[in-house]
Novice: 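Take a look at this one; I'll ask things after.
Sequence lines set the chain letters: A, B, ... in the order given, protein chains first and strands last, and positions in each chain run from 1.
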Amino acid sequence: MEAGLSTKLFVKGNEAVAMASVEAGCRYYFGYPITPQSDIPEYLSRELPRLGGEFIQAESEIGAINMLLGASATGVRCMTSSSGPGISLKQEGISYMAGSELPGVIVDIMRQGPGLGGIDASQADYWQATRGGGHGGYRIIVLAPASVQEMYDLTMLAFDLSDIYRIPAMVLADSVIGQMKESLVANPRPVATLPAKDWAVRGRGEGQLQQVVKSLKLGDGEMEAHHWKMHARYQELADAECRWEELQTDDATLIVTAFGSVARIARTAVAMARAEGMQVGLLRPITLFPFPSKAYADLSTRCKRFLDIELSTGQMVDDVRLSVARDTEVDFYGRPPGAGSLPTPEELFEQIAKNYRR
Amino acid sequence: MKQVFSRPESLKDIQTHFCPGCHHGSVHRLAAEAMDEFGVRGETIGVASVGCSVFLYGYFDVDVIEAPHGRAPAVATGAKRARPDRIVFSYQGDGDLAAIGTAEIIHAANRGEDITVIFVNNTTYGMTGGQMAPTTMVGQKTSTSPYGRDHSKDGYPIRMAELLAQLEGVGFSARVAVNSPKNVMQAKKLMKTAFRYQVEKKGFAFIEVLAACPTNWGMNPLAANQRVGDEMVPYFPLGVYRNTANL
Ligand SMILES: Cc1ncc(C[n+]2csc(CCOP(=O)(O)OP(=O)(O)O)c2C)c(N)n1
Ligand code: SF4
């Protein structure tokens, strides 16, 4: 970036995503307006043409995800972004991309639902994001930033992981992170060893073999083999790419766990509890798929109490329960999405204290 | 002896799965001939749709991307924007293009994407067993219009070539048929024009081909071929509806 290495910028989370995509070498963006993510297409509609790239405001999110599919099939880095209602429309295309083993970055700045819902923060699309979302049985990479800096860093990571594993990658945040302004160090693109995209469709040239990008698998045993191959790849991803943050978990007898925006509020609440002498820690998953199950399994060998906090009636808590040691108690505190439903640090501190003293 | 007829290079030497008398084979051949004539086989990307032509990659000797049902124009848009030096075409049936994919085709056309769209209108959903399509003729019986298409409930068959010709972004829009030698010759010429538009970067090109689906029409190949001329052509007139570059 022009700003140079150590310069601190003051930008919105959504802008950080857009800036990171450019730094990651993405020159193709396809999207459709929806609050609270429109800063991303607005930024890229300005920047990409200057860089020799392409920005298309598609006719719908269905159009946009299929443009992503087509561009990705030719081997270029590309991105789309949206929020709840639009992400629902993209599911068909995401399923086809998963079936065709196509990389591509999808940014989801969650808003409330179901239906038209509202534009305030929500984490109620955790299931939709981490369970595949579309038909057929597949997973996508899901990264959950909790700061503007992470919006930037994890967007770049999403491009690399997606290219390496040939799985679509989603950056999953909410309107708090997307709309918040914070300082940002716009780091240069990290050096990664990326596999050659020798599967890409580019026109056969002369003498080269025909390339086909498809999800139709009708050969005897072909589909079954595909599912087992992807299953193994998801395992590989889980072994190598899980990321999480731990805070004061060493001596904790209660571990609070939360992702994204809520993890920030929980961090303050944990500090308040520590000030009161409570041995409380925080475990924040950064990759939601692969879910850092091992971190939960390891910590729960000694800490037997977890408190999961989400902006929903409880979705990630399923994964937490599946990950901890059997004799671990997992409690849940949720604020389902709704205007004014963002919890205060005091409110979360109260929940921590209640669970801690129980 | 002089060889006067052979398989186009852009088609593989392979038997197709098309039913006897199906016109998809003829349309494949015309498209392949056009690619051969421009010598673009090695730089072409085909976008297959969902329908009886889904096995495009099995028959055309070019790189292929398979699109979700109706989305081929959006997939082709993404591919062409990423590789503007390539020839990108989509090949779609009438259910695919004129029902589920209406938004994608209209907006790709309206943006004037530099792609070629081949539209096979056989008045029915072939692959799924002959259900009513947006192009089904009024009164035509299909598996989901057993009493015949009733325009008061089902609307009228859509004339896509004329509809798209209204859009400023469209360079070329034409309708052809392959039911007679004369029509095949004209179809061959206009198919070539539809590719020439892209080769010469003159804008979006659309070619609709009236086609027989003997299997789902419940007709033998000859009767089905006859129907194209007798019933379809009067409602779907052949001709060039837009040709902005006069190619
Ligand atoms: C989203 C979705 N809906 C429905 C289908 C089922 N389907 C497959 S092919 C097809 C219609 C094909 O008809 P057409 O486009 O006219 O092509 P033809 O087979 O006649 O060449 C349908 C409805 C599908 N594959 N995907
Ligand atoms: S069902 Fe109809 S369109 Fe499909 S291959 Fe047979 S004749 Fe052709």
Novice: Please confirm whether B:Lys192 makes a cation-pi placement over B:Phe38, using NZ or CZ under 6.0 Å from the six-membered ring centre and within 45° of the ring normal.
Specialist: yes
Novice: At a heavy-atom separation under 4.5 Å, does B:Phe60 approach chain A through its side chain, its backbone, both, or neither?
Specialist: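 Interface part for B:Phe60: backbone (N, CA, C, O).
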Novice: Would you call the rings of A:Trp228 and A:His231 parallel, tilted or perpendicular if under 30° counts as parallel and over 60° as perpendicular?
Specialist: perpendicular
Novice: What part of A:Glu54 is in contact with chain B, defined as an atom under 4.5 angstrom from a non-hydrogen atom: side chain, backbone, both or neither?
Specialist: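 It is the side chain, since no backbone atom gets that close.
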Novice: If you count heavy-atom pairs under 4.5 Å with chain B, which of A:Ser60, A:Ala64, A:Ala71, A:Gly75 comes out on top?
Specialist: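 Answer, by heavy-atom pair count under 4.5 Å with chain B: A:Ala71.
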Novice: Measuring heavy-atom distances to chain A, does B:Ala76 have an atom under 4.5 Å in its side chain, in its backbone, in both, or in neither?
Specialist: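 No part of it gets close to chain A.
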Novice: Given heavy-atom pairs under 4.5 angstrom as the criterion, report whether the side chain, backbone, both or neither of B:Val50 touches chain A.
Specialist: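 Side chain only.
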Novice: Tell me which of these, B:Leu56, B:Asp61, B:Val47, has more heavy-atom pairs under 4.5 Å with chain A than the rest.
Specialist: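 Greatest number of close heavy-atom pairs with chain A: B:Asp61.
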Novice: Do B:Thr142 and B:Thr123 have side chains that get closer than 4.5 Å, going by heavy atoms?
Specialist: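 Not in contact.
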Novice: For B:Arg71, is it the side chain, the backbone, both or neither that has a heavy atom under 4.5 Å from a heavy atom of chain A?
Specialist: both
Novice: Please flag which part of A:Ile56 lies under 4.5 Å from any non-hydrogen atom of chain B: side chain, backbone, both or neither.
Specialist: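 Only the side chain of A:Ile56 comes within 4.5 Å of chain B.
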Novice: Regarding A:Lys214 and A:Glu222, does a basic nitrogen lie under 4.0 Å from an acidic carboxylate oxygen?
Specialist: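 The answer is yes: the pair qualifies as a salt bridge.
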Novice: So which part of B:Glu43 gets closer than 4.5 Å to some heavy atom of chain A, the side chain, the backbone, both or neither?
Specialist: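 Answer is backbone: N, CA, C or O of B:Glu43 sit under 4.5 Å from chain A.
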Novice: Top residue by heavy-atom pair count (under 4.5 Å) with chain A, among B:Gly78, B:Pro68, B:Gly46?
Specialist: B:Pro68
Novice: So which part of A:Ser215 gets closer than 4.5 Å to some heavy atom of chain B, the side chain, the backbone, both or neither?
Specialist: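 The answer is both parts of A:Ser215.
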Novice: Counting only non-hydrogen atoms closer than 4.5 Å, does A:Leu68 touch chain B with its backbone (N, CA, C, O), its side chain (CB onward), both, or neither?
Specialist: neither
Novice: Identify which part of A:Leu102 has an atom lying under 4.5 Å from any heavy atom of chain B, answering side chain, backbone, both or neither.
Specialist: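 Neither the backbone nor the side chain of A:Leu102 comes within 4.5 Å of chain B.
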Novice: Counting heavy-atom pairs closer than 4.5 Å to chain B, which one of A:Met67, A:Arg27, A:Arg204 comes out on top?
Specialist: A:Arg204
Novice: Do the side chains of B:Glu208 and B:Arg159 get close enough for a salt bridge, i.e. N-O under 4.0 angstrom?
Specialist: no
Novice: Check this for me: does any side-chain nitrogen of one of B:Glu113 and B:Lys80 sit under 4.0 Å from a carboxylate oxygen of the other?
Specialist: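 Result for this pair is no, no salt bridge flagged.
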Novice: Determine whether the aromatic ring centres of residues A:His226 and A:Tyr138 are separated by less than 6.0 angstrom.
Specialist: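 Ring-ring flag for A:Tyr138/A:His226: false, centres at least 6.0 Å apart.
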Novice: Strictly below 4.0 Å, N to O, side chains only: are B:Glu9 and B:Arg41 in salt-bridge contact?
Specialist: yes
Novice: Quick check against the 3.5 Å criterion: does A:Glu23 have a side-chain atom that pairs as donor or acceptor with the backbone of A:Ala20?
Specialist: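 Side chain of A:Glu23 to backbone of A:Ala20, a donor-acceptor pair under 3.5 Å: no, none is there.
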